[in-house]
Visitor: 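First the structure, then my questions, so here it is.
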Amino acid sequence: MIVQPKIRGFICTTAHPQGCAQNVQEQIDYVLKQGKIAQGPKKVLVIGASTGYGLASRIAAAFGCGAGTVGVFFEKEAENKRTASAGWYNAVAFEKKAAQAGLYAKSFNGDAFTDEIKQKTVATIKKDLGPIDLVIYSLAAPRRQHPRTGQIAKSVLKPIGKIYVGQSLDVATNTLETVTLPAATPEEIEQTVSVMGGEDWEYWIDALTTQGLLNEGAMTVAYSYVGPEITRSIYREGTIGRAKDHLEMTARRLDERLHKIKGCALVSANKALVTQSSSAIPVIPLYFVLLNKAMKEKGIYEDCIAQIDRLFRTRLYASGPILVDNHGLIRMDDLEIRPDVQAQVQHNWDKLTDSNLAQLADLDGYREDFLRLFGFGLKGVDYNADVDPEQKLPSLSYP
Ligand code: NAI
């Protein structure tokens, strides 16, 4: 089958197996080039391990620290003439590379919010690995069925208290558009907090602690976003921001609990990056294209793997105490929020028009990054060659 990108709105409905494998390989190469991470964890669980920040975390743990990893994600296998999702191919490629490097890697494909996946994962950790050193919580999900009440919650991206009207990028036509987002209802806020807040992170930690599966000194880290003034009313002060507040509050509670085993719970505020989830947030892609232009011009642009590699090396596993801000957050967005970067972004944001968009914004870079998420546009991949879309995940047993 010849696989080409098929873009529908902010999603690409096809993924290229070899391209995704190449994407994983490039991330592995990046980490290997930086050298071994001394003091790194040896047994790592990553929840949301197939794409974006979670995949980068799994790669940094395995190839930077030599860790055995267990990954949990929700991806689609190939079916009939449909390719698998990019995260599926990423996981297949990761497991193959881990096996070649002699590293333990097992994956669970299913809904991380269910008790069933938690139990299966925990049972495997108990059987194969023993107590975990690091748990990364990197879920970005549109919905959650509550494991105790059965209630379904959907995450929405809306402002709170007032309607938002502002400019956004129409990624199909590379033109500016005006978006109007109604204010969220109290139920929508509550549901977004249920999906993207910290409750399920805590359930994962409960599931591990009940079985004695957190090592002495174990760390757990979830990812958050703070962002600048431009995105504030739809991100940090919107429904998703409320969920992040909840996540950060959960970290403080988990931190107290983990102190008993000399461990800690932390939230890392990461940089805004093009991932499958972030492309779906209104207004954010327009901010990305301005931000990326500014960061590339200043030579400080980082992608997912560069962010996470730096998180591991200079924060989580550096010698000395872990650097946090006065809200207790690790600030991996330190370069994004640099005053000179934000001044340039704000300056350009204020004077954007359809005719200067291509000059002020990194439109090509955005498209390249977006296509790469699905395995397209990678060097060394022959996109005219026939590929088998059906790729087995080595750690799953097939009938
Ligand atoms: P992503 O879309 O690339 O990855 C999401 C992961 O969650 C995938 O592995 C997916 O399979 C998994 N997943 C989704 N629903 C699931 C479910 N029900 N059960 C099991 N797995 C499920 O997203 P991204 O951008 O890497 O986001 C990860 C975290 O990082 C999120 O908390 C996000 O808010 C945060 N973050 C993202 C930033 C960005 O600009 N992309 C910036 C700062 C923080």
Visitor: Evaluate side chain to side chain donor-acceptor pair (under 3.5 Å) for Q344 paired with D340, printing each intermediate quantity in order.
Guide: CA-CA 6 Å; Q344 180 173 335; D340 59 323; over 6 Å; no
Visitor: Considering the options L134, D133, N215, which one meets the side chain to side chain contact (heavy atoms under 4.5 Å, CB included) requirement together with K42?
Guide: D133
Visitor: For a 4.5 angstrom cut-off between non-hydrogen side-chain atoms, does T231 reach I284?
Guide: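 Yes, at least one pair of side-chain atoms sits under 4.5 Å.
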Visitor: Look only at the side chain of N90 and the backbone of T51, and say whether a donor-acceptor pair between them is shorter than 3.5 Å.
Guide: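 Side chain of N90 to backbone of T51: no pair is present.
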Visitor: Heavy-atom count around R257 CZ within 6.0 Å, excluding the residue itself: above 12?
Guide: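 Counting other residues, nucleotides and ligands, CZ of R257 exceeds 12 neighbours.
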Visitor: Before you tell me yes or no, could you show the steps for R242 and E237 under salt bridge (Lys or Arg N to Asp or Glu O under 4.0 Å), namely the whole-Å CA-CA distance, both residues' side-chain angles and the distance that decides it to 0.1 Å?
Guide: CA-CA 7 Å; R242 285 290 170 84; E237 287 173 3; over 6 Å; no
Visitor: Just checking H16 against F374, ring centres under 6.0 Å apart?
Guide: no
Visitor: Between S85 and E75, is any side-chain donor less than 3.5 angstrom from a side-chain acceptor?
Guide: yes
Visitor: If we ignore hydrogens and angles and just use 3.5 Å, is the side chain of K244 paired with the main-chain N or O of V226 as donor and acceptor?
Guide: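 Checking the backbone N and O of V226 against the side chain of K244, no donor-acceptor pair under 3.5 Å is found.
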Visitor: May I ask you to test the Y53-K271 pair for a side-chain heavy-atom distance under 4.5 Å?
Guide: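 Result yes, sub-4.5 Å side-chain heavy-atom pair found.
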Visitor: Check whether any side-chain N or O of T239 sits under 3.5 Å from a backbone N or O of T192 as a donor-acceptor pair, and report yes or no.
Guide: no
Visitor: Decide yes or no for F370 and V171: does some side-chain heavy atom of the first lie under 4.5 Å from some side-chain heavy atom of the second?
Guide: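 Result no, sub-4.5 Å side-chain heavy-atom pair not found.
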Visitor: Just so I know, are the side chains of R338 and K298 near enough to count as touching, which here means a heavy-atom distance under 4.5 Å?
Guide: yes
Visitor: Same cluster or not: F63 versus I308, using hydrophobic residues (I, L, V, M, F, W, Y) connected whenever any side-chain heavy atoms lie under 4.5 Å apart?
Guide: no
Visitor: Can you tell me how the ring of F376 sits relative to the ring of Y383, calling it parallel under 30°, perpendicular over 60° and tilted otherwise?
Guide: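 Ring orientation of F376 relative to Y383: tilted.
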Visitor: Within a radius of less than 6.0 Å around NZ of K296, do more than 12 heavy atoms belonging to other residues, nucleotides or ligands occur?
Guide: yes
Visitor: Do you see a donor-acceptor pair shorter than 3.5 Å between the side chains of D303 and Q307?
Guide: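 Result is no, nothing qualifies.
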Visitor: Is a side-chain N or O of D200 found less than 3.5 angstrom from the main chain of V195, in a donor-acceptor match?
Guide: no
Visitor: If you draw a 6.0 Å radius around CD in E190, do more than 12 non-hydrogen atoms from other residues or ligands fall strictly inside?
Guide: no
Visitor: Taking the side chain from R313 and the backbone from Q34, do they hold a donor-acceptor pair closer than 3.5 Å?
Guide: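 At least one qualifying donor-acceptor pair exists.
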Visitor: For the side chain of R315 and the backbone of R310, is there at least one donor-acceptor N/O pair under 3.5 Å apart?
Guide: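 A pair under 3.5 Å: no.
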Visitor: Please check if the number of heavy atoms outside R232 that lie under 6.0 Å from its CZ is greater than 12.
Guide: yes
Visitor: Taking W201 for its side chain and L254 for its backbone only, find out whether a donor-acceptor pair lies under 3.5 Å.
Guide: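 The answer is no, because no donor-acceptor pair under 3.5 Å joins these two groups.
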Visitor: I need the single residue from D388, T14, T83 that forms a side chain to side chain contact (heavy atoms under 4.5 Å, CB included) with M1. Which is it?
Guide: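 With M1 as partner, side chain to side chain contact (heavy atoms under 4.5 Å, CB included) holds for just one option, T83.
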Visitor: Would you say N23's side chain and R372's backbone share a donor-acceptor pair under 3.5 angstrom?
Guide: yes
Visitor: For the aromatic rings, using the six-membered ring if either is Trp, is the centroid distance between Y137 and Y223 under 6.0 Å?
Guide: no
Visitor: Consider only side-chain N and O atoms of Q191 and K154, and report whether a donor and an acceptor are under 3.5 Å apart.
Guide: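 No, K154 and Q191 have no side-chain donor paired with an acceptor closer than 3.5 Å.
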Visitor: Are any side-chain N or O atoms of N356 and backbone N or O atoms of T353, one a donor and one an acceptor, separated by less than 3.5 Å?
Guide: yes
Visitor: How about T178 and Q167: do any of their side-chain heavy atoms sit closer than 4.5 Å?
Guide: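 Not in contact.
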Visitor: Test F73 against L55 for side chain to side chain contact (heavy atoms under 4.5 Å, CB included), laying out the working first.
Guide: CA-CA 10 Å; F73 44 77; L55 173 66; over 6 Å; no
Visitor: Quick one: does I47's side chain get under 4.5 Å of I136's, heavy atoms only?
Guide: no
Visitor: Taking the side chain as every heavy atom from C-beta outward, state whether L291 and M295 have any pair of such atoms under 4.5 Å apart.
Guide: yes
Visitor: Given the rule that I, L, V, M, F, W and Y join up when any side-chain heavy atoms are under 4.5 Å apart, are M219 and I261 in one cluster?
Guide: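 The answer is yes; both residues are in one hydrophobic cluster.
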Visitor: The test is side chain to side chain donor-acceptor pair (under 3.5 Å); show your working for Q22 and E26 and say whether it passes.
Guide: CA-CA 6 Å; Q22 180 60 22; E26 288 181 10; 3.1 Å; yes
Visitor: For the pair H146 (side chain) and T149 (backbone), establish whether a donor and an acceptor sit closer than 3.5 Å, ignoring hydrogens and angles.
Guide: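 Yes, the answer is positive, given that a donor and an acceptor are paired below the 3.5 Å cut-off.
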